[in-house]
Amino acid sequence: MAPDAPRSTDQAVAPAPAAEQRGHPWRTFRRWRHRRPFGAGLAVALGGVEILVTQRASVAVVLAAGADSLAGYVLPILMVVCGLLIVFNPRQRLFYSIIGVLASLATWVTSNLGGFFVGMLLGVVGSSLAFGWLPDRPRRRRWLRRGVRTAQKTA
């Protein structure tokens, strides 16, 4: 077929590449994020990171001091791990949120008053959000219909 010849309309259209069918990467990430307790896990993990950042002792001092000062590093690491597991394994969120809130509250004693309150509060709030999060449920259609009917009556 010559390049300047008109195309017939009965030619099959080539399927779109897989990337176009999936959508934009941010849209895919947004869909993935809304199907899990993303904000709750992020809050728990950020609380653990904040507590780790406020630690002042070097690892040599921690090892010389013993298990008491080692807890100051273990608990925030446990918070970060629980936060990541809440995001990547939402089916077990109840267990991880309970461990996360216990680790957050224990940092009050072991880690500079829980990272000067900020890390501890992030961990407690994030764990509470993860505990209360429910998977997607179908929308209540009656409520939506009532809203539409009352809007139509007033118009």
For [X] and [Y], which heavy atoms make the closest approach, and how far apart are they?
X	Y	result
Gly126	Ala40	O-CB, 3.2 Å
Ile86	Val44	CD1-CG2, 4.4 Å
Ala71	Pro76	O-CD, 4.1 Å
Ile51	Thr107	CD1-OG1, 3.6 Å
Glu50	Gly119	OE1-N, 3.0 Å
Met79	Ala103	CG-CB, 3.8 Å

Spacing of OG belonging to Ser104 relative to CG belonging to Leu78, to within rounding of 0.5 Å: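 The OG atom of Ser104 sits 9.0 Å away from the CG atom of Leu78.
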From Leu52 atom CG to Leu75 atom CG, the distance as rounded to the nearest 0.5 Å: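 Between atom CG of Leu52 and atom CG of Leu75 there are 10.0 Å.
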pair Leu105-Val124: side-chain heavy atoms closer than 4.5 Å: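 In short, these two side chains touch, coming nearer than 4.5 Å.
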Flag side-chain contact, heavy atom, 4.5 Å: Trp133 against Pro90: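 In short, these two side chains touch, coming nearer than 4.5 Å.
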Residue from Leu84, Leu85, Val87, Val101 passing side-chain contact (heavy atoms from CB on, under 4.5 Å) with Tyr96: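 Among the candidates, only Leu85 passes.
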side-chain contact (heavy atoms from CB on, under 4.5 Å) partner of Arg93, the single match among Cys82, Ser127, Pro135: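 Among Cys82, Ser127, Pro135, the one that satisfies the side-chain contact (heavy atoms from CB on, under 4.5 Å) with Arg93 is Pro135.
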Kindly work out whether a path of hydrophobic side-chain contacts (I/L/V/M/F/W/Y, heavy atoms less than 4.5 Å apart) joins [X] to [Y].
X	Y	result
Phe116	Leu46	no
Leu94	Leu102	yes
Leu42	Val49	yes

Residues, nucleotides or ligands: over 12 heavy atoms within 6.0 Å of Arg35 CZ: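 No, the 6.0 Å shell around CZ holds no more than 12 heavy atoms from other groups.
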Sidechain-backbone polar pair: Gln55 side chain, Gly72 backbone, donor-acceptor under 3.5 Å: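 Yes: the side chain of Gln55 pairs with the backbone of Gly72.
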Plane angle bin for Phe38 and Phe29 - parallel if under 30°, tilted between 30 and 60°, otherwise perpendicular: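 Ring orientation, 0 to 90° scale: perpendicular.
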Parallel, tilted or perpendicular: rings of Trp32 and Phe88 (30°, 60°):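 Rings of Phe88 and Trp32: tilted, as their planes differ by 30° to 60°.
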